[in-house]
Each structure stands twice: as structure tokens, then as C-alpha cells.
Amino acid sequence: MQTAKFLSMRIYEYMAEGIDFKMHDFLPASNKKQAMKKVRSTIAKMGYQKPTSLNLVPVK
């Protein structure tokens, strides 16, 4: 059933930029709010507080 769960998710492309880091990746999430939360927690785990810019775009 893992496949069914994955199919219900959308793919989001994100770009985040801070003082000394840049990230560009894709991530599956149910909605934009969940995707934003995942990206922010990933950045926080890397030791950064907030990105200076964060763009999130659903991939069609």
C-alpha cells in the first residue's frame, strides 16, 4: 500500500538559499504546507535557522 500513499502525494520542487548554503531538490508531500514544513525541518537539521529565500513550486 506504500505505492498508493505515494501516488496521493504531489511532487514539489524547492529552492532554498541562506548566507552560506543553497539547496535545490524535489520532495513528495500531500500539500504545500506539509512540504514547507519538511523543507524547514531539513534545513534546521543541517544547523541553519531560516533560509533567506525559500521557493516551493508544485511540479506538474
| task | Given side-chain contact (heavy atoms from CB on, under 4.5 Å), test Tyr48 with Lys50 step by step and report yes or no. | result | CA-CA 6 Å; Tyr48 299 103; Lys50 287 183 182 177; over 6 Å; no

| query | What's the verdict on side-chain contact (heavy atoms from CB on, under 4.5 Å) for Leu27 and Tyr14, showing C-alpha distance, side-chain angles and the deciding distance? | reply | CA-CA 8 Å; Leu27 127 121; Tyr14 69 89; 4.0 Å; yes

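Here the OG1 atom belonging to Thr42 is positioned 9.0 Å from the CG atom belonging to Asp25, to the nearest 0.5 angstrom. The distance from atom CG of Asn55 to atom NE2 of His24, rounded to the nearest 0.5 Å, is 10.0 Å.
At a threshold of 4.5 Å between non-hydrogen side-chain atoms, the residues Tyr12 and Val59 do not count as touching.
Lys38 and Pro28 get closest at one heavy-atom pair: NZ-O, 3.1 Å.
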For a quick test of your reading: what N or O donor-acceptor pairs under 3.5 Å do the side chains of residues 15-23 make, sequence neighbours left out?
none

Can you give the donor-acceptor pairs under 3.5 Å from side chains of residues 29-36 to other protein atoms, not counting sequence neighbours?
from  : atom 1 : to    : atom 2 : distance (Å)
Ser30 : OG     : Gln34 : OE1    : 3.4
Asn31 : OD1    : Lys33 : N      : 3.2
Asn31 : OD1    : Gln34 : N      : 2.7
Gln34 : OE1    : Ser30 : N      : 2.6

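With hydrophobic clusters built from ILVMFWY side chains whose heavy atoms lie under 4.5 angstrom apart, Met46 shares a cluster with Leu56.
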